[in-house]
Amino acid sequence: MIHQFFLLQQSRPQTFLVVLLLLGFVRSDTLRAEDESTEAPAVRPLMAYVGTFSSPLGDVPPTQVDLPAGNGRGIHLFKVDRKSGALEPAGTVDLGASPDCLVVNAAGDRMYSSNETDRFGDAKQGSVSSFAINPRDGQLTLLNTVASEGDGPTYVSIHPSGRYLFVANYFSGSIAVLPILADGRLGEATDIQRGEGNVGPTKATNSPPGRFAISGHDGSHAHMIQSDATGRYVLHVDLGMDRIFVWKFDSMLGTLSSNTPASVSLPPGDGPRHFDFHPKGRWLYSIQEEGSTIVLFDYDGDAGRLTQRQTVPSLPPGFKGSNFCSEILVSEDGRFVYAGNRLHDSIGIFAIQSDGTLQQIGNEWTRGDYPRSFNFDPSGRFLYVCNQRADNVTAFRIDQESGLLNFTGDYASVGNPSCITFVDLADDHRSAHEIGRFPAPEAHQAVAVDESSFYAISNRAIARYDRRSGERVARWDAPIGSDIKHLNSGIVKDGRLGCANSNWPTKPLKNSIEVFDAEQMTHLESIALAETDGAINWVERYDGAWWVVFAFYGEAEVRRTKLVRYDKQWNVTGKWMFPESVIQRFLPMSNSGGCFGPNGNLYVTGHDHAELYVLEIPANKSELKHVTTVPAPITGQGIAWDSHDPGVLLGINRASHEVVFLRVTTTIKPL
C-alpha cells in the first residue's frame, strides 16, 4: 500500500488553454466569507502615480537653484490607456508635504513617499509616509507618517526582503533605514548613517564648455539609496562629496556598516546623482548631475566593489552651455540606457554593447522644461517624463528594436511633477482573496485537502474536518515515544495522506514521510529519507516526480535551503537553491510550505509573513526564479492547492488556529 502511494502518477491538468480562473466559490452557510468584487482582473486599470512638489521650501541654502514653486497638490493619480499610453486623471491625495519620490512594494499593495518638507513636528527634518493601495481602483489610504531622520528626504527604495525602507536625506546628507511593519506601516529608524569625505569643488571636472550652472557642492548631499539585487549591500550617492558609498546590510537588525572600500570617487565636482544596475547585475551606470556624464562601473556582487571602466557625455556632441543631469534608467531587456538632461531638456539614448559599454544613438526632446525624472510603464512600451518646470508629464512610445523614443502627443497636466510610478491592478499574480475560514485547534504547521475534507496538521497530531460543515470527524495523535516529532506539510493522493516529518532541531537529523489512511486517520507506515542535510519541510508530487524541500535556519545557514526533485525510485534528478529576494523574506526562519499551482508555478511560504512567493523552475540553472510576491491573509506555514476546485488554495493562521480558504486568481499555462 505504501509503495502504491509513492508510485502514484499525478495527472496533469486537463485545461490547456490560457484562461482566467473563475472568482466564484461555492460556499456553505457555515463558511465565513468576505464579499468579493466580481470584476475580472483584466478590466482593472493600470494606474500611474505622480509625486510632486506641493509646497515651496523656504529655509534652504542659497546655492540650491532648482527648487520649484510648489504647484503640485500631493500625489496625482491617473488611469493609463494601455494602447495609447494616455493618462486620464483619477484623483489626488492632497499633501502639503512635497512627496517627491514614490516607491511601490513587490506585491503592489503598499506605496511609500519621501516628503521633502521643512519640518516634521517640532524638528527641522522631513518625513516619509506609507499608503495602502486599493486593489480594485488604485486609490490610496494613508497608513502613517514618520520622521525621515534627516532634512530634505529626496529618495526612497525598498530592500529586496520587503522589510525595510531606505531613505536618502538630501540637505542633511544622511541616510536612514526604516522597518516596514507587517501591515505596511513604517516603524522608527533602525539605523542612521552619513558618509565620510570632503566636499568637492563647485566647478565640475567634466562640465560642458560654457557652463555656468552650479549647485550641490556646498555640503554633503545624499541623493539616492538602493540595495543591490541580493540585498547584502546598499549603495548611496553623495552629490556634494562626489562619491558612491557601499554599505554592508544586516537584514536581521536593519543596520548598515561600512564596506571595504567604503566608497568609490567620481571626478571632483561632477556630482553623482542617480544610478541603475544592469539586469545581469554585473554593471552599474551612474549619472553625474554637474559633470553631465555617465560612468560605467563593473560591479563585484560578492564583495560589493565598484570598478570604473567608461565615461561618456550625457549630451549630444558639440553641446555648449549649462545643463543639470537628472535620471538614469536601464531598459528591462538590458539593451539600452536612458539619461535625463535638464536645461537641455532631453533624454539621451544609449545602446549597451556586449561588454557593457555605451554608445549614444539618439537624443529626444522631452516636450517640456527641466525633466526631473522618468520611468517605464510595466509593459516596457512607454516612457513617461516628469517635466518639473513645465508642470506636465509627457509620454513616449519606445521602439522595441532601436530603443528610440517617439512622442505620443499626450500631455498630462501636473504641477511640478517629480516622479512617476505604476501599479497594474490586473496583474494576475497578485490576487489572493480570502473566501472563508474554519477554526481548527490542530492548524499549527500545515493543511492538506481532498474532495470532501481538509486536514489540519500540528507537530504530532492531524485532524480531518468536513470541508462544508467544518466539523471535525477524525483525529490522529502520535504515540508517546514515537519518531514522529515535527510534521510540516501534507498531500492527499488516492486516499492516502503523506506528511513531511523531521526531528528538527535534534541532531543528527532524521527525515521521513509519514503515510496515513486519509479517511480512517490511521498511521500506515514511515518512509525514511536518506537526506539528513537539512530538515524536510514539505513534500509534493508533480509532473511525474517527487519534490522535497530541506530547510536550514538563521542568517548563516538559510541560504543552504534547497528544493530536491526525485524520480519514482527516489533517485535525485535535480536540485535548486532559493533566490536571495525570497531568502530575505524567510529570515530569520526558512521555507515552511510549498506546492505547485494550476499554472505550473511553484508557490512557497515562509514562517510568518502573510505572503506567497511565486517561483519558476529554470531548466538549466541551479537557482529558482522569483516571479512575484502575492499578499495573502495567512501567516506562512504549510499550504495546499485544492485539485478538486482549481484556483482554491488552503493555508493556516497559526496564531488563531484557523484553516483559511483562498481564491487565487492566476493564468493557467499549457503544460
Side-chain angles (χ1 to χ4, degrees), residues 41 44 47 103-112 130-135 138 143 156-166 179-186 226-231 251 279 332 378 421-434 538 549 558-559 561 563 576-597 599-618 623-639 641 647 649 651 660 662-667:
R44 294 177 191 161
M47 298 295 297
V103 64
V104 176
N105 66 351
D109 63 348
R110 295 292 185 269
M111 177 182 290
Y112 302 91
S130 64
F131 301 86
I133 302 174
N134 187 303
L143 296 178
V156 285
S157 63
I158 299 174
H159 186 260
S161 70
R163 302 200 310 252
Y164 299 97
L165 186 78
F166 300 120
I180 297 176
L181 307 180
D183 63 356
R185 297 172 190 267
L186 295 168
Q226 183 174 302
S227 79
D228 66 5
T230 71
S251 60
E332 187 174 352
T421 190
F422 300 86
V423 173
D424 191 347
L425 300 179
D427 188 330
D428 58 15
H429 286 296
R430 293 180 179 161
S431 181
H433 302 289
E434 178 181 332
W538 57 266
V549 154
V558 68
R559 291 173 184 84
T561 300
L563 171 65
W576 293 267
M577 311 308 285
F578 285 84
E580 185 68 23
S581 58
V582 176
I583 290 291
Q584 289 293 333
R585 296 302 283 167
F586 288 165
L587 284 168
M589 302 300 285
S590 189
N591 174 216
S592 288
C595 51
F596 285 91
N599 61 351
N601 287 129
L602 177 62
Y603 289 71
V604 302
T605 58
H607 192 270
D608 303 295
H609 292 296
E611 297 170 338
L612 302 167
Y613 310 109
V614 185
L615 306 173
E616 288 182 356
I617 312 269
E623 183 175 284
L624 299 167
K625 178 183 178 182
H626 185 191
V627 177
T628 193
T629 298
V630 181
I634 58 175
T635 52
Q637 308 304 317
I639 55 177
W641 283 96
L649 178 74
V660 184
L662 307 173
R663 171 69 67 181
V664 180
T665 305
T666 185
T667 300

Using every non-hydrogen atom in the two residues, find where Phe578 and Phe586 come nearest and quote the distance to one decimal. CD2-CE1, 3.9 Å

Spacing of [atom1] belonging to [X] relative to [atom2] belonging to [Y], to within rounding of 0.5 Å:
| X | Y | atom1 | atom2 | result |
| --- | --- | --- | --- | --- |
| Arg185 | Phe131 | CZ | CZ | 12.0 Å |
| Leu587 | Arg163 | CG | CZ | 5.5 Å |
| Asn601 | Leu612 | CG | CG | 12.0 Å |
| Leu649 | Arg663 | CG | CZ | 11.0 Å |

Any non-hydrogen side-chain atom of [X] less than 4.5 Å from a side-chain atom of [Y]?
| X | Y | value |
| --- | --- | --- |
| His626 | Glu580 | no |
| Thr421 | Met111 | yes |
| Leu662 | Pro633 | yes |
| Phe166 | His159 | yes |

Side chain Thr635, main chain Asp608, donor-acceptor under 3.5 Å: no

Taking the side chain from Tyr112 and the backbone from Asn105, do they hold a donor-acceptor pair closer than 3.5 Å? no

In this structure, are over 12 heavy atoms from other groups packed under 6.0 Å from Glu332 atom CD? no

